[in-house]
Asks: 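Here you go, one structure.
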Amino acid sequence: MAAAPLPRVRLPATADQPARDLPAIGQGTWFMGEGLAPRRDEVRALQQGLELGLTLIDTAEMYADGGAEQVVGVALADRRDSAFLVSKVYPWNAGRDSAIAACERSLERLKTDHLDLYLLHWPGNIPLEETLEAFERLRESGKIRRFGVSNFDVDEMAALHALPGGDDCAVNQVLYHLGSRGIEHSLLPWQRDHGIPAMAYCPLAQAGSLRRELLSDPEVLDIAAGLGITPTQLLLAWAIRPVDGRRDVIAIPKATRPEHVEQNAGVLAIQLPDEALARLDAAFPAPERKTPLDIV
Ligand code: NDP
């Protein structure tokens with residue numbers, strides 16, 4: 001029997017970029033570069049993830065004040081082309097000129113000449129038109145390939161989409177896990193209608209409602225044990241499950257411990273049976289009305 005294809009999410013084509021398929025599990029970097037773990041362990045974890053197919057790496061100028069980007073830069077020093085590299089700009093650095101300077105500082109720390117995707121970290125006070133103009137200039141100069149946003153709720157996505165160039169937004173990165181399903185009410189359907197995939201942050205419930213309780217929930221433990229997978233693998237496989245036959249969520253767990261990286265990469269080979277999905281739905285139903293966007 002042929003192996004099931006690896007779960008992938010398609011970023012749509014833009015004016016100058018072809019459509020791009022990415023593995024549905026990537027790697028986060030929040031809290032890397034803070035000295036919480038030896039730098040060599042963080043570098044090795046990212047390289048191990050790349051080797052196991054977790055080719056998307058998510059970072060931000062915010063993390064460890066640029067320290068996480070430096071860790072990523074070391075990890076990618078001899079293998080930049082094997083990664084799809086994502087970084088984010090602070091909202092107060094997202095002006096017409098300041099976003100360009102912020103991106104150049106990120107590139108310097110990352111020791112690369114381009115980002116594959118550059119995100120506005122959360123909505124701020126600088127008019128979006130200015131940020132879009134900066135992103136466009138960064139694209140023209142080859143410093144970024146695509147742009148996107150993070151922590152945008154549905155009204156903010158609609159407002160962005162209505163602006164000139166706003167419809168090229170590649171992704172919206174938002175908090176999403178089994179215990180925090182608010183985006184399923186209107187944000188995810190809106191993004192699906194507009195062909196904009198989501199990147200799920202805190203997919204292991206490091207934050208958001210229910211937080212770590214999820215990983216000791218009896219139903220989660222029982223379903224995971226029945227499938228012979230870990231509770232964290234169950235959470236990740238759930239986050240990237242296809243909806244109506246289509247996958248459009250990429251989960252970006254952060255892991256430093258080698259066994260965590262290995263388990264997270266193992267999720268690329270897991271297909272959750274319908275019965276498990278139904279049990280999780282019953283135990284953790286999606287909200288029936290609009291709820292405020294969960295953020296860290
Ligand atoms: P996660 O939900 O990914 O949880 C990370 C924690 O889970 C770490 O303590 C890690 O431990 C642990 N872990 C990872 N894999 C496993 C495993 N297989 N089994 C058990 N424990 C595991 O939370 P994050 O907050 O890090 O979110 C993921 C990423 O999303 C961030 O790193 C960042 O890149 C992005 N993010 C974006 C935000 C935004 O506003 N756009 C906000 C927050 C996050 P260890 O490291 O010891 O292996």
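Position 1 is the first residue of the sequence, and the numbers go up from there. Indexing begins at 1, ligand by ligand and atom by atom, following the structure's order.
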Asks: Does ligand 1 come near enough to L204 that some N or O of the ligand is less than 3.5 Å from an N or O of the residue?
Replies: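 Right, the criterion is met.
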Asks: Which atoms of ligand 1 have any heavy atom of I252 under 4.0 Å away?
Replies: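 Counting atoms of ligand 1 from 1, those under 4.0 Å from I252 are 28 (C), 29 (C), 30 (O), 35 (C).
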Asks: Does ligand 1 have any atom sitting under 4.0 Å from a heavy atom of W122?
Replies: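 Contact absent.
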Asks: Of the options K88, E69, K254, which is the one that meets Y63 in a side-chain hydrogen bond (donor to acceptor under 3.5 Å, both in side chains)?
Replies: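 Only one of K88, E69, K254 forms a side-chain hydrogen bond (donor to acceptor under 3.5 Å, both in side chains) with Y63, namely K88.
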Asks: State which residues pass ring-ring contact (aromatic ring centres under 6.0 Å, His included) with W122; sequence neighbours excluded, sorted by chain then number.
Replies: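 Counting only residues at least two positions away or on another chain, W122 forms a ring-ring contact (aromatic ring centres under 6.0 Å, His included) with W92.
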Asks: How long is the span from the CZ atom in R109 to the CZ atom in R105, to the nearest 0.5 Å?
Replies: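 Here the rounded value is 6.5 Å.
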Asks: Go through ligand 1 atom by atom and flag the ones less than 4.0 Å from a non-hydrogen atom of W30.
Replies: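 Counting from 1, the qualifying ligand atoms are 25 (O), 31 (C), 32 (O), 33 (C), 34 (O), 43 (C), 44 (C).
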Asks: For the atom pair CZ (F152) and CD (Q191), what is the distance rounded to the nearest 0.5 Å?
Replies: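 Taking CZ in F152 and CD in Q191, the distance rounds to 11.0 Å.
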Asks: Where on S150 is there a heavy atom closer than 4.0 Å to ligand 1, on the side chain, on the backbone, on both, or on neither?
Replies: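 For S150, only side-chain atoms sit under 4.0 Å from ligand 1.
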Asks: So is C202 polar-close to ligand 1, meaning N/O to N/O under 3.5 Å?
Replies: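 Right, the criterion is met.
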Asks: As an exercise, identify every atom of ligand 1 less than 4.0 angstrom from a heavy atom of A205.
Replies: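 Those of ligand 1 that fall under 4.0 Å from A205 are 2 (O).
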Asks: Just checking E34: does its CD atom have more than 12 heavy atoms from other residues, nucleotides or ligands closer to it than 6.0 angstrom?
Replies: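 Enclosed.
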Asks: Which residues satisfy the ring-ring contact (aromatic ring centres under 6.0 Å, His included) test with F147, sequence neighbours excluded?
Replies: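 For F147 the ring-ring contact (aromatic ring centres under 6.0 Å, His included) partners, ignoring immediate neighbours, are F135.
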Asks: Using a 4.0 Å cut-off to any heavy atom of H121, which atoms of ligand 1 qualify?
Replies: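 This gives 39 (C), 40 (O), 41 (N) as the contact atoms.
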Asks: Pick whichever of F31, Y63, Y176 has a heavy atom sitting closest to atom 36 (N) of ligand 1.
Replies: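 Of the listed residues, Y63 has the closest heavy atom.
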Asks: Using only heavy-atom distances, determine whether the side chains of S180 and D294 contain a donor-acceptor pair under 3.5 Å.
Replies: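 Distance-only check passes for S180 and D294.
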Asks: When you check the gap from the basic side-chain N to the acidic O, do D248 and R192 get nearer than 4.0 Å?
Replies: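 Salt bridge: yes.
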Asks: Once you round to the nearest 0.5 Å, how far does OH of Y118 lie from CZ of R145?
Replies: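 Output value for this atom pair is 15.5 Å.
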Asks: Relative to the heavy atoms of T232, which atoms of ligand 1 are at a distance of less than 4.0 Å?
Replies: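 Answer, ordered by atom number: 17 (C), 18 (N), 19 (N), 20 (C).
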Asks: Which one holds for N151 and ligand 1: side chain close, backbone close, both close, or neither close, with close meaning a heavy atom under 4.0 Å?
Replies: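 It is the side chain that gets close, since no backbone atom is under 4.0 Å.
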Asks: Minimum heavy-atom separation for Q263 to T232, with atom names?
Replies: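 Distance-wise, the nearest heavy atoms are OE1-OG1, 3.7 Å.
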Asks: Which residue from Q206, M32, K254 reaches closest to atom 8 (C) of ligand 1 through any of its heavy atoms?
Replies: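 Selected option, by shortest heavy-atom distance: K254.
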Asks: Could you tell me whether T256 approaches ligand 1 through its side chain, its backbone, both or neither, with non-hydrogen atoms closer than 4.0 Å?
Replies: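 Both the backbone and the side chain of T256 come within reach of ligand 1.
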Asks: Any N/O of H260 closer than 3.5 Å to an N/O of ligand 1?
Replies: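 Between H260 and ligand 1 (N or O atoms, distance only) the closest approach is under 3.5 Å.
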Asks: Number the atoms of ligand 1 from 1 as they appear, then name those within less than 4.0 Å of a heavy atom of V296, with their elements.
Replies: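 Selected atoms, number and element: 42 (C), 43 (C).
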Asks: Less than 6.0 Å separating the ring centroids of W238 and H177?
Replies: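 They do not qualify: ring centres at least 6.0 Å apart.
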Asks: Ignoring angles and geometry beyond distance, decide whether K88 reaches within less than 3.5 Å of ligand 1 through its nitrogen or oxygen atoms.
Replies: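 There is no such contact.
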Asks: Once you restrict to heavy atoms under 4.0 Å, what part of P203 touches ligand 1? Side chain, backbone, both or neither.
Replies: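 Both backbone and side chain of P203 come within 4.0 Å of ligand 1.
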Asks: Please work out whether any backbone atom (N, CA, C, O) or any side-chain heavy atom from C-beta onward of R257 is under 4.0 Å from ligand 1, and answer side chain, backbone, both or neither.
Replies: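 Both backbone and side chain of R257 come within 4.0 Å of ligand 1.
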